[in-house]
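We're numbering straight along the sequence, starting at 1. Treat the numbers as computed from the prediction; the structure is a model and nothing was measured.
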Amino acid sequence: MTDVDFCVIGGGFAGLTAALRLKQMGRSVALLEARDRLGGRTFTQVRDDGSWIDRGGAWIGPGQDRIRALMTEFGVASYKQYTGGEAMMVVDGKQHRYTGTIPWTMSPWAAMNLGAVFLELGHMCKSVPLEAPWAAKKADKWDQVSLAHWLEANVLSKPAHDLLETAIAGCYTSAASEVSLLFVLYQMASGGGPSFVLGVKDAAQDARPIGGMGAIYRPMAAELGDAIHLSQPVRCIHQDDSGVTVRGTDLRVRARRAIVTVPLAVAGQISYKPMLPADRMFLHQRMPSGAIIKVSVVYDEPFWRADGLSGQSAAPGSPATITIDACTDTGRPGVLCVIVEGPIARQLARLDETERRRAILDALVERFGRKAGAPVDYLEQDWSAERYSGGGMLSHAPTGVLTQFGHALREPCGRIHWAGTESSAVMCGWIDGAIRSGERAASEVLEHETAVVG
């Protein structure tokens, strides 16, 4: 039995942050992580040549002050995402190269429809209270319809519809029919609106840490030291009047309080004694993750830059749905990141590895030319196959969930407290949101202990 003040479950950014802040406040902590590595839904791999690949979450943007604070704390610099040259959209088999936000070349009507929908979404987001989106004036109405239903009713141009469905539903790694409109508005509002969520420059993909996300989470882990216990999936959390007992594979921890930071569907696999309140239990059942495959295709150099392209592209329905330049700060080697989400990701996952690689490379060749078909390395990360992630970068709420069960996202259940990016009212869905949630949960358990002592 290990006795500590607090036990943290999950070694992603939410758990690492909660544990680090508690230790810095002089409290003893045990952090249990199911995997044999830290980082959660981030995963930085260093290649033999010293370059690095972020196989999970990678980008930072304006307003993400808490991850910036961690970077300052540990001396991690950042660099701007490459945006030189033209982006590309592929609509009905035709390539449209453009600069700015909207590809006006695809058709004035489609472009105007895209712009109008962006404005409407931004207007709707402003009426969603971040701490309680279920209390929005139109919450019941918006929570009754899916994103797909709303797009069908409001996007009249088919090309514009297809692009928006790919871009927006992709954020939730699921089909648009699976996601509540209210949840979409809440998540977008938490980052400042649709332009931030879907943008690159001065938006969600504005910059990256030098060295990748591992340059941040590794020094956090070093400071926590032997408080970290890897390969310890938590099976049971038993709470009583004086504390909690947390059982891992071969470790038992006794603490005054526990902070659970794993994705909601994964948290639902833990046995709780006594059982959790019904609304929290149902929340675990009703907020799933989606499918996402992230592929890093490595070349000797970023040849697309010389061709006048930024590397950013979108092609609804393609095996290489979204691409973005993912080079390090040095620009060498060339790394093109391919992101495939939702139904297309599930279809690709059914292929064997060779078939999937060929389908993705063929799509890249069609878009970027024959050089795209001859990479020097190819790294594939299927997050749906990660047992302790359960899928994509963000758990989402289907219709009816936020208005019925959203209030349980952050409410402690006795001595069990909750963190994770889904529970953050600001930057929900980003690493910054995970960090905010970890800091909130750490403050929360300390406040409860102070109240008990008082």
Query raised in the report: Between the side chain of D143 and the main-chain N/O of T403, is any donor-acceptor distance below 3.5 Å?
Result: yes
Requested in this report: Output the distance between atom CZ (R21) and atom CG (L446), rounded to the nearest 0.5 Å.
Outcome: 12.5 Å
Query - Short side-chain donor-acceptor distance under 3.5 Å, S313 and R367 - result: yes
Query - Neighbour count >12 (heavy atoms, 6.0 Å) for atom CZ, R247 - result: no
**Report entry** OH on Y272 to CE on M281, rounded to 0.5 Å
**Finding:** 12.0 Å
Query raised in the report: Without hydrogens or angle criteria, can the side chains of S78 and R68 be said to hold a donor-acceptor pair below 3.5 Å?
Result: yes
Report task. With the side chain counted from C-beta on, respond yes when I9 and V262 share a heavy-atom pair under 4.5 Å apart, and no when they do not. Result -> yes
Query raised in the report: Minimum heavy-atom separation for L402 to A397, with atom names?
Result: CG-CB, 4.2 Å
**Report entry** Worked verdict on I435 versus M427 for side chain to side chain contact (heavy atoms under 4.5 Å, CB included)
**Finding:** CA-CA 10 Å; I435 293 165; M427 296 295 169; over 6 Å; no
Report summary line: Note: R415 and R256 closest approach over all heavy atoms is NH1-O, 3.0 Å
Query raised in the report: Would you say the side chains of S28 and D5 form a donor-acceptor pair under 3.5 Å?
Result: yes
Query - Modelled atom types, side-chain donor and acceptor of D250 and Q232, under 3.5 Å - result: yes
**Report entry** Within-4.5 Å side-chain heavy-atom neighbours: S289 and S395
**Finding:** yes
Requested in this report: Verify, without hydrogens or angle tests, whether S310 (side chain) and T83 (backbone) share a donor-acceptor contact under 3.5 angstrom.
Outcome: no
Query raised in the report: Quick one: which of R55, K294, R356 gives a salt bridge (Lys or Arg N to Asp or Glu O under 4.0 Å) with E380?
Result: R356
Requested in this report: Give a yes-or-no answer on whether the side chains of R440 and S423 include a donor-acceptor pair shorter than 3.5 Å.
Outcome: yes
Requested in this report: Under the salt bridge (Lys or Arg N to Asp or Glu O under 4.0 Å) rule, what do E444 and R257 come out as? Steps first, then yes or no, please.
Outcome: CA-CA 10 Å; E444 200 172 86; R257 292 179 180 272; over 6 Å; no
Report task. Report the residue from R410, R286, R41 that forms a salt bridge (Lys or Arg N to Asp or Glu O under 4.0 Å) with E422. Result -> R41
**Report entry** Student check: side-chain heavy atoms of P375 and R357 closer than 4.5 Å
**Finding:** yes
Query raised in the report: Can any side-chain N or O of R254 pair as donor or acceptor with the backbone N or O of D3 at less than 3.5 Å?
Result: no
Report task. Drop me the distance from E120's CD to C125's SG, to the nearest 0.5 angstrom. Result -> 10.0 Å
Query raised in the report: Any side-chain donor-acceptor pair under 3.5 Å between R66 and T17?
Result: no
Query raised in the report: Per the ring pair (Phe, Tyr, Trp, His ring centres under 6.0 Å) rule, which among F118, W430, W59 passes with F196?
Result: W430
Query raised in the report: Do the side chain of S437 and the main chain of G420 share a donor and acceptor less than 3.5 angstrom apart?
Result: yes
Query - Verdict with supporting geometry, Y378 and I360, side chain to side chain contact (heavy atoms under 4.5 Å, CB included) - result: CA-CA 11 Å; Y378 179 95; I360 290 172; 3.4 Å; yes
Query raised in the report: Okay, side chain of K138, backbone of M124: is any donor-acceptor separation there less than 3.5 Å?
Result: no
Requested in this report: Take W304 and Y82, measure what ring-ring contact (aromatic ring centres under 6.0 Å, His included) needs, and give me the verdict at the end.
Outcome: CA-CA 11 Å; W304 53 91; Y82 181 77; 8.5 Å; no
Report task. Considering non-hydrogen atoms only, spot the tightest contact between A267 and V260 and give its length. Result -> CB-CG1, 4.2 Å
**Report entry** Check: Q312 main-chain N/O paired with T323 side-chain donor or acceptor under 3.5 Å
**Finding:** no
**Report entry** Separation between CD1 of I324 and CD of Q81, rounded to the nearest 0.5 Å
**Finding:** 4.0 Å
Query raised in the report: Taking side chain as C-beta onward, heavy atoms only, is I168 less than 4.5 Å from M188?
Result: yes
Query raised in the report: When you check the gap from the basic side-chain N to the acidic O, do K201 and D206 get nearer than 4.0 Å?
Result: no
Requested in this report: Evaluate the criterion side chain to side chain contact (heavy atoms under 4.5 Å, CB included) for residue pair S296 and D377; output intermediate values, then yes/no.
Outcome: CA-CA 8 Å; S296 300; D377 203 357; over 6 Å; no
Query raised in the report: Looking at Y79, is R208 sitting on its ring face, NZ or CZ under 6.0 Å from the six-membered ring centre and within 45 degrees of the normal?
Result: no
Report summary line: Between D49 and S51, the two heavy atoms sitting closest are OD1-OG, 2.5 Å
Query raised in the report: Which is it for Y172 and E178 under the side chain to side chain contact (heavy atoms under 4.5 Å, CB included) test, yes or no, and what are the steps along the way?
Result: CA-CA 9 Å; Y172 314 108; E178 299 177 77; over 6 Å; no
Report task. Give, for atom CG of L276 and atom CD of Q239, the distance between the pair rounded to the nearest 0.5 Å. Result -> 8.0 Å
Report task. Grab the two heavy atoms, one from A169 and one from A175, that are nearest each other, plus how far apart they are. Result -> CB-C, 4.2 Å
Query raised in the report: Closest heavy-atom contact between I292 and S384?
Result: N-OG, 3.4 Å
Query raised in the report: Below 4.5 Å, heavy atoms only, C-beta onward: do F368 and L309 meet side chain to side chain?
Result: yes
Query - Close side-chain approach of H396 to P288, heavy-atom, < 4.5 Å - result: yes
Report task. Verify whether one side chain among Q45 and Q381 offers a donor that lies under 3.5 Å from an acceptor in the other. Result -> no
Query - Side chain proximity check, C327 to R332, heavy atoms < 4.5 angstrom - result: no
Requested in this report: Report yes if the side chains of I293 and I344 come closer than 4.5 Å at any heavy-atom pair, otherwise no.
Outcome: no
Query raised in the report: Is a donor on one side and an acceptor on the other found under 3.5 Å between the side chain of S190 and the backbone of C428?
Result: yes
Query raised in the report: E33 side chain to R35 main-chain N or O, any donor-acceptor pair under 3.5 Å?
Result: yes
Report task. Kindly compute the distance separating CH2 (W52) from CZ (R47), expressed to the nearest 0.5 Å. Result -> 12.5 Å
